[in-house]
Number of protein chains: 2
Amino acid sequence: MQLRNQVEWVLHCCAILAMLPEGARLSTRALAEFHGVPKEYLSKALQSLAQVGIVEGSLGPAGGYRLARPASAISFLDIVEAVEGGGRSFACTEIRCNAPCHPPGFRPEGPCQVARIMWRADDAWRRELAAQSLSALADQLGRELPADLQSRTAGWLKKRISS
Amino acid sequence: MQLRNQVEWVLHCCAILAMLPEGARLSTRALAEFHGVPKEYLSKALQSLAQVGIVEGSLGPAGGYRLARPASAISFLDIVEAVEGGGRSFACTEIRCNAPCHPPGFRPEGPCQVARIMWRADDAWRRELAAQSLSALADQLGRELPADLQSRTAGWLKKRISS
DNA sequence: GCCATAATACTCGGATAAGTTGTGTCCGAGTAGGCTAGG
DNA sequence: CCTAGCCTACTCGGACACAACTTATCCGAGTATTATGGC
């Protein structure tokens, strides 16, 4: 059970976007260069974010992406689910109905006991991610990153910011 | 992020094994027929369980699998990790080091802030699964399953039990 | 100087393809219990 | 009745095949900004 690497990419991209000045945009190319990942594939991941309204793209030169809502209103879960899809990690196929000693077409009421436990763990995972906002990540990065690195990064970004 | 269907299969198999009388074995074929899944592929999953000592197989006729330790000492996490592997769901490739404004070969101290949050969610998932034992599942099944279904199942199993 | 047009830089979406993983099948080797035949 | 050898049923492990998914790459269409050229 592995998450795609796109998840890592967009989380870092969102972190960058969250630290940008209000309204500033960054192009897919700039984000891809900054993280050293293929531009066109990253673009697909960012499109997924745009589709669910986490991020907002604009066309033309000086176009690019910016957060569609304040970073405090975007959770890790929002981002992960945008890329990875919202389904549960455990899919119950109701194999308990296949027992040859059961009458054919038998359907027990209530969800499978095994699935219930797996889903509860899944919910715990989701709760944890839902509790983490992008702004909290940005704050933490601002606190933990060495000052010289922050200023060098800010300088590099300033050259690539559109509008 | 989907778990394999093998996970569902072995969880149900373990539930059956946990409800068997002390020392009784059940062959892969019986388990596969009971759940309506391909015998040979299920066999691979059971081998994974045997490798980590959750289950114990024996050769020859009247051979088959039984739990290698009491059901109360087997957690859902044990079973899931046996099949799915113990790695984390989020793999951090340290793309924060790729920024072109950083000195080449730059390695920050401490784990990536993004990864820390993802790993915390992962830990919550693991904790939840580790807290659920096989015996708890067996108890719940004994309580919730209609009595007639239980006796029909018990009768079917009795014919297939070895030794 | 002003407007129309062209060039540019970006997003969007589809097509394609290689690599990896999940899913399933097949078969031979090894092992242990049961059955049969010969003493 | 006893024992040796065969048969059967099972696990184990490897090899193989197919499908789905991941991870890209490429290209054309659409759009908005900028640059250019004619008036």
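As a basis for the values below, the full set of heavy atoms in this structure was taken, side chains included, without hydrogen atoms, waters or symmetry mates. Convention: sequence-line order gives letters A, B, ...; per-chain numbering from 1.
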Side-chain donor-acceptor pairs under 3.5 Å in residues 38-50 of chain A, sequence neighbours left out?
{"residue": "A:Ser43", "atom": "OG", "partner": "A:Gln47", "partner atom": "NE2", "Å": "3.3"}
{"residue": "A:Ser48", "atom": "OG", "partner": "A:Lys44", "partner atom": "O", "Å": "3.2"}

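- Per the geometry, CG belonging to A:Leu42 stands 12 Å off P belonging to C:dC12, to the nearest Å.
- Atom P of nucleotide C:dT21 and atom CD of B:Gln6 are separated by 15 Å, given to the nearest angstrom.
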Discussion item. Each nucleotide in nucleotides 24-33 of chain D should get exactly one letter: B, S or -. Can you fill that in based on protein heavy atoms under 4.0 Å?
Written reply: BBBB--BBBB
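- Within 4.0 Å (heavy atoms only), B:Ser43 reaches no atom of the nucleic acid at all.
- Within a 6.0 Å radius of CZ in B:Arg160, more than 12 heavy atoms belonging to other residues, nucleotides or ligands are found.
- In terms of modelled atom types and a separation under 3.5 Å, the side chain of B:His12 and the main chain of B:Glu8 share a donor-acceptor contact.
- Between A:Arg120 and B:Glu128 the shortest side-chain heavy-atom distance falls below 4.5 Å.
- Considering only heavy atoms from C-beta on, A:Ser133 stays 4.5 Å or farther from A:Phe76 through its side chain.
- Atom CZ in A:Arg29 sits roughly 8 Å away from atom P in C:dA9 (whole-Å rounding).
- Toward the 5' end of DNA chain C, the nearer of the two residues A:Met1 and A:Ser27, judged by each one's closest nucleotide, is A:Ser27.
- One interatomic measurement links the two molecules: CD of B:Glu84 to P of C:dT21, which rounds to 12 Å at whole-angstrom precision.
- Atom CD in A:Glu56 sits roughly 15 Å away from atom C1' in C:dC12 (whole-Å rounding).
- Phosphate contact (OP1/OP2 of D:dT23, side-chain N/O of A:Arg4, threshold under 4.0 Å): absent.
- Salt-bridge annotation for A:Glu56 and A:Arg25: present, with a side-chain N of the basic residue lying under 4.0 Å from a carboxylate O of the acidic one.
- Taking atom CD of B:Gln47 as the reference point, atom P of D:dC10 lies 16 Å away to the nearest angstrom.
- Between B:Gln2 atom CD and D:dC21 atom P the separation is 9 Å, expressed in whole Å.
- For A:Trp156, the ring-ring contact (aromatic ring centres under 6.0 Å, His included) partners at least two apart in sequence or on another chain are A:Phe34.
- Rounded to whole Å, atom C1' of C:dT23 lies 14 Å from atom CD of B:Glu8.
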